[in-house]
Engineer: 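What follows is a single structure, and I will ask about it in a moment.
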Amino acid sequence: MAGTVLIIDDEEKLRSLMKRIITLEGYNVLEAGNIKSAQKILDKEDIDVVLCDVKLPDGSGVDYSKTIKEKFPSLEVIVLTAYGNIPDGVQAIKNGAFHYLTKGDDNNQIIPLLNRAYEKVLLQKRIEKLEKQVGQKYSFESILGNSRAISEAIAQASKVAPADTTVLLLGETGTGKEVFAQSIHNSSKRAGKPFVALNCSAFSRELLESELFGYKAGAFTNATRDKKGLIEEANNGTIFLDELGEMPLDLQAKLLRVLETGEFIKVGDTKPTKVNVRIIAATNRDLKAEVEKGLFREDLYYRLNVFAITLPPLRERKKDIPALAEYFIALAANRNNRKALKMTTAFVEKLQLHEWKGNIRELKNVLERAVILADGDELLVEHLPFDLQIADKSSGILSAFDLASVEKLHIIKVLHHTKNNKTEAAKLLNIGLATLYRKIEEYKI
Ligand SMILES: Nc1ncnc2c1ncn2[C@@H]1O[C@H](COP(=O)(O)OP(=O)(O)OP(=O)(O)O)[C@@H](O)[C@H]1O
């Protein structure tokens, strides 16, 4: 995608020369002879980079670059200064311009500089888009579900969000603990400040300590420079510590100190560092049992347990499955450039019979796979993984390794293939027609 450049200069000849050079690079170029007409174009068009002369009939380009940046912060301005007038260029940069060019002297510099400015604009646009997505994604409104269990958890989380209290989120893997942590942060006073997440089970003890608390240069062989830990990166914001139950005891002591005094000591440092950070912790372990086994500090447990919210497993809120499924199907269809897909009744039934040990994450992945497999505009049972296909009301959840389940599913598939022609199906299965009828009855096909 080519960017759009606006040239503001009252010298028509120079404008058209620059226009020619820039157009050859693939940019769209618009022109203005003064600030007034430039302003009209800026208000109407989506401009990426402005090339602006300093001496304009109705004002100074140096001053105008400030106005432009205030009104359109993601756009970049390059100021065109007169020969030998570096102070103008310096002032323009102070006013927020990307850079300056000396008119007539720097023609071969125009394109490289313009390309750099445009890259910055693209990056800025991408960041804005992502920020918007994240902001939308993680609010209590975007947590789907009407079941009592999830509504209670949302109500508790919305109450504690503005209170700045430490929160402990309990729940199996994939139940949405991180989504809740982000939503709490986004509706707290700390929204707009950093939200930093760390999975404590993903690191060795040493790495976890330096990731979390940072280190001083020289603390160990590869520590050539001071490094801020994530707790410091999260200053004035929130840190989300996932799988806290996995944190070694000595680091738990350091964390307790942060909770009590707002201070910690970096690896290799002698003096404490102060932070103002809200801690949201999560675990799928039974912390009380860990305390009894001596694996989790009792004082930290009580400190964290002041406000605990339990997130229900998906199998305890099956009512929410259709709405969640619809949402994930729409997301997956969009990502895969597919039009909207509908679930058949049998498909929804199978979803509701499954155990969902991986909870919402598993549901999301199963549906993404189904969307990819579906050729038509309907999601069918055959688009589900094997163990979901064989789940059945009478037998409850069957194992994918159960021989009868495999046989049943195979018969279903063959019957589907023969469009329910039993004689043909029996032939393909290499069994007698009577045997097929018996199996159909036995398996309640
Ligand atoms: N209520 C919800 N609505 C929409 N998407 C959700 C919801 N809850 C969770 N998700 C999605 O499900 C996935 C798992 O959520 P999340 O990472 O928050 O779970 P978790 O409990 O932190 O998992 P783990 O313990 O394994 O880290 C994510 O992709 C998340 O976007």
Side-chain angles (χ1 to χ4, degrees), residues 130-158 160-161 166-187 195-203 208 211-212 230 234 238-247 279-287 290 296 304 308-336 343 351-352 354-372:
L130 287 173
E131 276 174 348
K132 233 189 233 163
Q133 279 174 3
V134 171
Q136 273 166 6
K137 207 164 150 195
Y138 299 116
S139 66
F140 291 120
E141 293 76 50
S142 64
I143 297 178
L144 296 175
N146 295 313
S147 62
R148 233 184 78 189
I150 196 74
S151 307
E152 263 172 27
I154 296 173
Q156 286 175 343
S158 334
V160 77
T166 305
V167 179
L168 179 62
L169 297 169
L170 303 168
E172 291 175 14
T173 179
T175 44
K177 297 187 291 291
E178 182 154 0
V179 172
F180 263 75
Q182 291 235 356
S183 306
I184 292 173
H185 170 76
N186 286 349
S187 40
F195 173 88
V196 178
L198 176 71
N199 186 333
C200 302
S201 71
F203 300 94
L208 182 60
E211 275 298 307
L212 191 55
L230 292 180
T238 305
I239 186 156
F240 171 57
L241 299 173
D242 202 359
E243 312 285 2
L244 187 75
E246 315 279 321
M247 185 180 266
I279 295 178
I280 302 183
T283 181
N284 52 22
R285 289 202 184 181
D286 177 354
L287 283 190
E290 299 289 299
F296 202 82
L304 291 171
I309 303 174
T310 303
L311 303 190
L314 194 53
R315 65 186 160 281
E316 282 176 20
R317 52 181 190 116
K318 292 200 161 164
K319 207 177 124 198
D320 290 336
I321 289 180
L324 278 165
E326 252 176 55
Y327 170 70
F328 290 132
I329 291 166
L331 275 190
N334 189 19
R335 219 187 350 259
N336 293 288
M343 295 180 277
L351 293 185
Q352 281 179 317
H354 187 59
E355 270 255 58
W356 299 113
K357 291 216 170 81
N359 293 293
I360 302 180
R361 182 179 294 112
E362 185 187 358
L363 176 69
K364 195 173 169 181
N365 293 342
V366 161
L367 293 169
E368 171 111 33
R369 176 182 180 275
V371 166
I372 293 169

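Read the numbers this way: they start at 1 and go in the same order the structure lists the ligands and their atoms. What you see below is based on every heavy atom in this structure, not just the backbone, and it leaves out hydrogens, waters and symmetry mates.
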Engineer: Please list, in number order, the atoms of ligand 1 under 4.0 Å from a heavy atom of Phe328.
Structural biologist: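 Ligand 1 atoms under the 4.0 Å threshold to Phe328: 4 (C), 5 (N).
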Engineer: Report yes if Lys177 has an N/O atom closer than 3.5 Å to an N/O atom of ligand 1; otherwise report no.
Structural biologist: yes
Engineer: Identify the heavy atoms of Phe140 and Ala157 that sit nearest to each other, and give their distance.
Structural biologist: CE2-CB, 3.5 Å
Engineer: How close do Ser151 and Gly145 get, heavy atom to heavy atom, and via which atoms?
Structural biologist: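 It is OG-O, 4.5 Å.
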Engineer: Would you indicate whether the side-chain heavy atoms of Val366 and Phe328 approach each other to under 4.5 Å?
Structural biologist: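 No, side chains not in contact.
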Engineer: Less than 4.0 angstrom from a charged side-chain N to a carboxylate O is my criterion; do Lys364 and Glu368 meet it?
Structural biologist: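 Not counted as a salt bridge, because no side-chain N and carboxylate O are separated by less than 4.0 Å.
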Engineer: Between the side chain of Lys177 and the main-chain N/O of Asp242, is any donor-acceptor distance below 3.5 Å?
Structural biologist: no
Engineer: Using distance alone, determine whether Leu324 and ligand 1 share an N or O pair under 3.5 Å.
Structural biologist: no
Engineer: If we only count N/O pairs under 3.5 Å, is Ile360 in contact with ligand 1?
Structural biologist: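 No.
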Engineer: Does Lys364 reach ligand 1 with a nitrogen or oxygen that is under 3.5 Å from one of the ligand's nitrogen or oxygen atoms?
Structural biologist: yes
Engineer: Below 3.5 angstrom, do we get any N/O pair linking Gly174 and ligand 1?
Structural biologist: yes
Engineer: Out of curiosity, is Gly171 lining ligand 1, as in a heavy atom under 4.0 Å away?
Structural biologist: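 No.
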Engineer: Suppose I only count heavy atoms of Leu144 and a 4.0 Å limit; which atoms of ligand 1 are within that range?
Structural biologist: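 Ligand 1 atoms under the 4.0 Å threshold to Leu144: 1 (N), 2 (C), 3 (N).
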Engineer: With heavy-atom distances below 4.0 Å as the criterion, list the atoms of ligand 1 near Thr173.
Structural biologist: 24 (P), 25 (O), 26 (O)
Engineer: Would the distance check show the side chain of Glu172 and the main-chain N or O of Pro313 forming a donor-acceptor pair, the cut-off being under 3.5 Å?
Structural biologist: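 Here the side-chain-to-backbone pair does not exist.
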Engineer: Which one holds for Asn284 and ligand 1: side chain close, backbone close, both close, or neither close, with close meaning a heavy atom under 4.0 Å?
Structural biologist: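 Under 4.0 Å from ligand 1, Asn284 contributes no heavy atoms.
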Engineer: Keeping the roles fixed (side chain from Glu362, backbone from Lys357), state whether a donor-acceptor pair exists under 3.5 Å.
Structural biologist: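 Side chain of Glu362 to backbone of Lys357, a donor-acceptor pair under 3.5 Å: yes, one is there.
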